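In what follows, a single structure is set out as structure tokens and then discussed.
Model, not experiment: these values are computed from the prediction. Residues: numbered from 1 along the sequence shown. Counting starts at 1 for both ligands and their atoms, in listed order. These numbers come from the heavy atoms of this one structure, side chains and all, not from hydrogens, waters or symmetry mates.
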Amino acid sequence: MTTAFRPRRSVLYMPGANERALEKAKTLPVDALILDLEDSVAPDAKAVARENVVTAVASGEYGRRELTIRINGADTEWHADDLRAAAAVGPDAIVVPKVNSPEAVLGLVDAIEAAGAPEKTRLWAMIESPYAILHAEEIAAASDRLAVLVLGTNDLVKELFIDHVAGRGPLVTSLQLAVLAARATGKVVLDGVYNDVKDVEGYLAEVEQGRQFGFDGKTIIHPGQIEGANAGFAPSDQAIEEARGLIGAWEDGAGKGVVTYNGKMVESLHVESARRTLSIAEAIAGLG
Ligand SMILES: CC(C)(COP(=O)(O)OP(=O)(O)OC[C@H]1O[C@@H](n2cnc3c(N)ncnc32)[C@H](O)[C@@H]1OP(=O)(O)O)[C@@H](O)C(=O)NCCC(=O)NCCSC(=O)C[C@H](O)C(=O)O
Ligand SMILES: [Mg+2]
């Protein structure tokens, strides 16, 4: 299915059991929300959280924000009930943690369809194990219903026996494999979360790294992280100006296979990148 480009610069998790946060989210300038039933919800609060998120989605009070529900994993006692409840209320997407194979994707798509989810409800697969990283392309390609790969960097760090360090050196290969898989299959890919909600400098450095690596946006855990992601994953004023100038130089040289702009070589591939930059900027401006 072809869908219009939609910005996913800032994608905020919020615990499904936290009614105050669910209320607050209606006014936050995020591109997307992940109403969480998994790791942020204690076992004895799972049923209440499920009720809360279903009510939230049904309320229709989240405006332009893309609204998703993260259900519990397939190996848990809550998975089937979560999936049924989420499919019935029809969010923009159902986010499934720890998706490890294309077969798992197909099984999830069958279950989502069998539960009667509307066509608009996409599957977002969390890639958060070494096996999933090594099979990310097959996972991404398994179904048209799968729209987004979401990195689960906390689980990855745990499974790889590595450390959370500034610059994410030990994670770089995994991050790049996930981006490669998404680009090879035409899917969206979101970077993992930054756990230290008070460390603004470290967070902004990680946003910039994610953008440079090619992620479409960042999953976040606190309202204080929204602005950095929105700015970091939007083309800067300078990038927009350069894209316009480059396209202008290309059009002025009508018919030439190569021109220069600001002293640098410009070929049609650079024009394509510049047009992509402008279309992202337009989509963001269109959010109002
Ligand atoms: C991380 C937090 C536990 C911090 O909470 P707290 O110390 O209470 O924050 P503040 O006091 O600064 O909160 C200020 C106000 O903002 C609201 N708030 C906080 N977080 C959120 C949120 N995520 N969404 C909406 N609103 C939020 C508070 O309610 C305060 O509001 P008010 O009282 O009106 O002023 C907390 O931020 C938090 O719980 N974050 C989300 C945690 C979460 O969802 N974790 C699971 C996803 S991460 C993950 O699992 C990734 C992946 O699977 C992996 O493997 O990596
Ligand atoms: Mg995880």
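- Counting atoms of ligand 1 from 1 in the listed order, those under 4.0 Å from a heavy atom of D36 are 46 (C).
- Remark: atom 8 (O) of ligand 1 lies closer than 4.0 Å to no protein heavy atom.
- For E241, the CD atom sits in a loose shell: 12 or fewer heavy atoms of surrounding residues, nucleotides or ligands are nearer than 6.0 Å.
- No more than 12 heavy atoms of other residues, nucleotides or ligands shown are found within 6.0 angstrom of CG on D237.
- At a threshold of 4.0 Å, the pair E201-K198 does not count as salt-bridged, since none of the basic side-chain nitrogens sits closer than that to a carboxylate oxygen.
- Of the inter-residue distances, the one linking N154 atom CG with E159 atom CD reads 11.5 Å to the nearest 0.5 angstrom.
- Using a 3.5 Å distance cut-off with no hydrogens or angles, the side chains of T68 and D92 do not pair a donor with an acceptor.
- Less than 4.0 angstrom separates some heavy atom of T153 from each of these atoms of ligand 1: 54 (C), 56 (O).
- Taking 2.8 Å as the criterion, E38 does not count as a coordinating residue of the Mg ion (ligand 2), since none of its N, O or S atoms falls below it.
- What sits closest to atom 56 (O) of ligand 1 on the protein, heavy atoms only, is N154 N, 2.8 Å.
- Near G152, with a cut-off below 4.0 Å to any heavy atom, the atoms of ligand 1 are 52 (C), 54 (C), 55 (O), 56 (O).
- The environment of R183 atom CZ is dense: over 12 non-hydrogen atoms of other residues, nucleotides or ligands sit within 6.0 angstrom.
- Atom 31 (O) of ligand 1 lies below 4.0 Å from at least one non-hydrogen atom of the protein.
- Proximity of T121 to R145: side-chain heavy atoms (C-beta onward) are separated by under 4.5 Å at one or more points.
- Taking every heavy atom of R20 and a limit of under 4.0 angstrom, the matching atoms of ligand 1 come to 32 (P), 33 (O), 34 (O).
- Taking distance alone, with nitrogen or oxygen atoms compared against 3.5 Å, Y13 approaches ligand 1 more closely than that limit.
- Annotation: atom 17 (C) of ligand 1 to nearest protein heavy atom, K24 CD, 3.6 Å.
- P15 CG, 3.5 Å is the protein heavy atom nearest to atom 39 (O) of ligand 1.
- At a threshold of 2.8 Å, the Mg ion (ligand 2) has no backbone or side-chain N, O or S atom of D39 nearer than that distance.
- We find that E208 and R211 are joined by a salt bridge, their nearest charged nitrogen and carboxylate oxygen being less than 4.0 Å apart.
- Results of the salt bridge (charged side-chain N to carboxylate O under 4.0 Å, His left out) test with D31 over R65, R9, R8 single out R9 as the only residue that passes.
- In this structure, a donor-acceptor pair under 3.5 Å is absent between the side chains of D39 and Y13.
- In terms of protein heavy-atom proximity, atom 14 (C) of ligand 1 is nearest to H222 NE2, 3.9 Å.
- Here is the list of ligand 1 atoms found below 4.0 Å of a heavy atom in M126: 52 (C), 53 (O).
- Within 4.0 Å of atom 19 (C) of ligand 1, at least one protein heavy atom is present.
- Geometrically, ligand 1 and N18 share no nitrogen or oxygen pair separated by less than 3.5 Å.
- Nearest protein heavy-atom neighbour of atom 37 (O) of ligand 1: I221 O, 3.1 Å.
- Nearest protein heavy-atom contact of atom 24 (N) of ligand 1 is M14 CE, 3.3 Å.
- For atom 3 (C) of ligand 1, no protein non-hydrogen atom is found at a distance below 4.0 Å.
- Listed by number with element, the atoms of ligand 1 under 4.0 Å from a non-hydrogen atom of S40 are 43 (C), 44 (O), 45 (N), 46 (C).
- Neither the backbone nor the side chain of T219 has any atom closer than 4.0 Å to an atom of ligand 1 (non-hydrogen atoms only).
- Nearest protein heavy-atom neighbour of atom 21 (C) of ligand 1: P223 CD, 3.4 Å.
- Taking a 6.0 Å sphere around CZ of R64, one finds it holds more than 12 heavy atoms contributed by other residues, nucleotides or ligands.
- Protein heavy atoms are found inside the 4.0 Å sphere centred on atom 44 (O) of ligand 1.
- In terms of protein heavy-atom proximity, atom 50 (O) of ligand 1 is closest to R70 NH2, 3.0 Å.
- Panel note: side chain D36, backbone E38; a donor-acceptor pair is recorded below 3.5 Å.
- Distance CD/E61 to OG1/T55: 11.0 Å, rounded to 0.5 Å.
- Residue-ligand proximity, E128 to ligand 1, at heavy-atom distances under 4.0 Å covers atoms 52 (C), 53 (O), 54 (C), 55 (O).
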